[in-house]
Amino acid sequence: MSATDHDREQGAPIAPGSALARALDAYAVPDLSDGFADRVLAAAEARPSPLPDLRRTGGGGGGAGRWRLGRRIAIGVTCFGALATAAAASGLLERAGLPVPSPERVWASLSGKEIVPQPVAASAPAAPPPADPAPVALAPVRIEGAIDTPEELAEAFRRIDEVRKGRMEQRRALIDRRIAEELERRRAAGLPVPTPEEEASARARMEEARSRREGLIAERIARRRAELEGRVEAGEALTREDIFRPLREDRRALERRERIERLQRMTPEQRRDALRRLPPEQRRELMEAWRARREARLREGVPASVDVPAPEQPASETDGPAAPEAQESPAPLSPYGTQTPEPPR
Amino acid sequence: MTASGEPSRPPVGDDAALAARLAARDPAALREAIARYAGPLHRIAFRMIGDPHEAEDIVQEACLRLWDHAPRLAARHPAGTPAGASLRLSGWLKRVATNLAIDRLRAARRLSGEDVPERADEAPLADARIETDERDAGTRALVLALPERQRAAIVLTYYEELSNADAAAAMDMNIKAFESLLHRARAGLRQAFAAQGDAR
């Protein structure tokens, strides 16, 4: 018999009736003592009621709970430290106004030594020029003194365009408001008002005239700006007056223009009186200038009746840098004080 | 009662009703549980310990634990439900009694400072038993000489006629580990029995 078979036989079930079984069966068990059940009942009644269940600790005892809590605290502290380090490294704390001391400063505060700023190493290579000049071009241009560079001139043009755009929007809103007020006034007075078709037609004509006028102004602005750019490229320094005053006109033309602007700001009666007080030759000159302007406009196909609405404010009266282009097209004005008719209603 | 002295098995779901009555603190239910299960528990405890008084203490402690745990058992196994039908108080009590007996044996071993002998039981308790009852002295010596877990395996499977699975459940073991333990217990028992025969 092999050892395996012997081992298997030794561990085999105990056969009933075998010698071992008979020996085991001789292990008799005494009966329970009398009154056992009564003693158990008495003990059960004297037994204190069981305590309520402890709060569930997730399968572990109090010790395991403490270990789990400690582990959570350690994980939380580690995560906080990692986030704080990342925030300090990315500069987020400094952007939030929280100063982050450098290691040198911390060491100096510990050791009591002063921080000696390191001199800039002479051998340090110079910073290479930016490969892309676009960022430099995008930087805001500051105009200091006279305008003598193309960048400063472009910046001046940009500012002028910005003011001009806002002013044009104000004018358009003002015109719309006055038209609406006039229509309301006529309705309240029982006067005839244009039908919707007539009003739409009139607005279309106004829009067409405005587009044409703005196109002419844009052409003049382009020519004017090309002239100014040429002067700057030639090395000339431009002042505010060079930009805001037309340079093509001579002094007399400038005076005549200013006089027209002053007359434009007057009421018709004042304008009539002012013209009467002028010397005859000046009055004649002014009338001729006005006629020349009017004929020029008629030749360009701009009907005088819709050239510029009468209530429009002269550009020179508004605040801020006035656009020279706006001053080149004053509202048509009769030298006799008869104002240009309002747009058809 | 069966031929082996086992009380007749209660009908299915009866243990759940008994647990419910115990949970309601019905003394009659506890008396009924004692009448139904104390005998088998006492046999297990006595054959594990070898002392009738300690065996009674173990049975009493097991019954009192049933009394204490009855509300929890009744809550987990409501009467009239599949969970209630699966409740077996006899298995639960045998597990408690076996563990209590093993704990007492280990505590006695710690207090005495000696190992439980593997082959021959020279303990005073066994000697006293052998001297007072020579009729079954040899058998007691055979069983009490086994380590406590092997002893429990023999008691549950041979004397109580539990299946290996039920005995493994009573000892909180998986079936493979229990079968290995039972194999070692039988081998040890046969060797001790053979040695006893040789000694005679």
Side-chain angles (χ1 to χ4, degrees), chain A residues 1-69 71, chain B residues 5 22 25 27-28 30-35 38-39 41-47 50 52-53 55-56 59-64 66-72 133 135-140 142-144 154-155 157-159 179-180 182-194 196-197:
Chain A
M1 179 183 295
S2 66
T4 306
D5 293 340
H6 180 264
D7 185 58
R8 189 178 299 137
E9 185 182 340
Q10 288 288 307
I14 300 168
S18 63
L20 180 57
R22 285 196 301 273
L24 289 175
D25 292 343
Y27 194 177
V29 177
D31 293 334
L32 283 167
S33 59
D34 294 336
F36 174 77
D38 296 334
R39 289 200 301 276
V40 174
L41 281 171
E45 290 177 358
R47 199 174 179 87
S49 59
L51 295 172
D53 289 339
L54 296 174
R55 190 171 58 183
R56 185 181 296 273
T57 56
R66 281 196 296 274
W67 277 110
R68 199 169 294 117
L69 178 64
R71 190 173 62 185
Chain B
L22 289 169
R25 293 298 180 246
L30 182 57
R31 187 177 294 277
E32 183 179 339
I34 292 169
L41 298 181
H42 184 247
R43 289 198 305 267
I44 293 172
F46 178 76
R47 283 172 173 143
H53 302 294
E56 280 195 6
V59 177
Q60 177 174 331
E61 180 62 24
C63 292
L64 291 176
L66 174 62
W67 179 257
D68 290 342
H69 287 77
R72 202 174 304 165
D133 192 354
R135 184 173 56 86
D136 56 358
T139 305
R140 288 184 184 177
L142 282 177
V143 176
L144 296 179
I154 291 294
V155 168
T157 56
Y158 182 78
Y159 289 110
E179 286 176 351
S180 174
L182 181 60
H183 186 276
R184 293 197 305 274
R186 287 168 178 161
L189 201 57
R190 283 196 170 91
Q191 289 175 4
F193 183 65
Q196 208 173 55

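Just so it is clear: chains get the letters A, B, ... in the order the sequence lines come, proteins before strands, and each one is counted from 1.
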Interatomic distance, Leu32(A) atom CG to Phe46(B) atom CZ [nearest 0.5 angstrom]: 11.5 Å
Test item: Tyr27(A) and Val155(B) side chains (from C-beta on) under 4.5 Å apart, heavy atoms: no
Engaged part of Pro13(A) at the chain B interface, taking heavy atoms whose separation is under 4.5 Å: both
Ser33(A) backbone acceptor or donor facing Glu56(B) side chain under 3.5 Å: yes
Side chain proximity check, Leu41(A) to Trp67(B), heavy atoms < 4.5 angstrom: no
Charged N-O contact under 4.0 Å between Glu61(B) and Arg47(A): yes
Side chain to side chain, Arg31(B) and Val40(A), heavy atoms closer than 4.5 Å: no
Side-chain donor or acceptor of Arg190(B) paired with backbone N/O of Leu20(A) under 3.5 Å: no
Nearest heavy atoms of Phe36(A) and Ala38(B), plus distance in Å: CE2-CB, 4.1 Å
Smallest separation among heavy atoms of Arg186(B) and Ala12(A), with atom names: CD-O, 3.2 Å
Student check: side-chain heavy atoms of Val29(A) and Tyr159(B) closer than 4.5 Å: no
